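Below is one structure, written out as structure tokens, with a few remarks after it.
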Amino acid sequence: MRRGTAEVARWRMIRQAQRRRARWLEGQSRRYGRMHGFRHQPGQQQRRSILFITQVP
């Protein structure tokens, strides 16, 4: 059965919107991961340096 032009166009628009949303979400998570890393970096360095100092006799 042949699909109408309007129906095909609607499907394409929906698929495009889904793709755009997925790409946006991926970007957001990547950005959040970087920010999370930056925020926790000083604490991690401090913890590492304390660990290193306590291990050396």
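Just so it is clear, the values below take in all heavy atoms, side chains as well, and ignore hydrogens, waters and symmetry mates. Remember, it's a predicted structure, so these values are computed and weren't measured experimentally.
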Within 6.0 angstrom of Arg19 CZ, more than 12 heavy atoms from elsewhere: yes

Between CZ on residue Arg21 and CD on residue Glu26, distance to nearest 0.5 Å: 15.0 Å

Test applied, side-chain contact (heavy atoms from CB on, under 4.5 Å); reference residue, Trp11; option that passes from Arg15, Glu7, Met13: Glu7

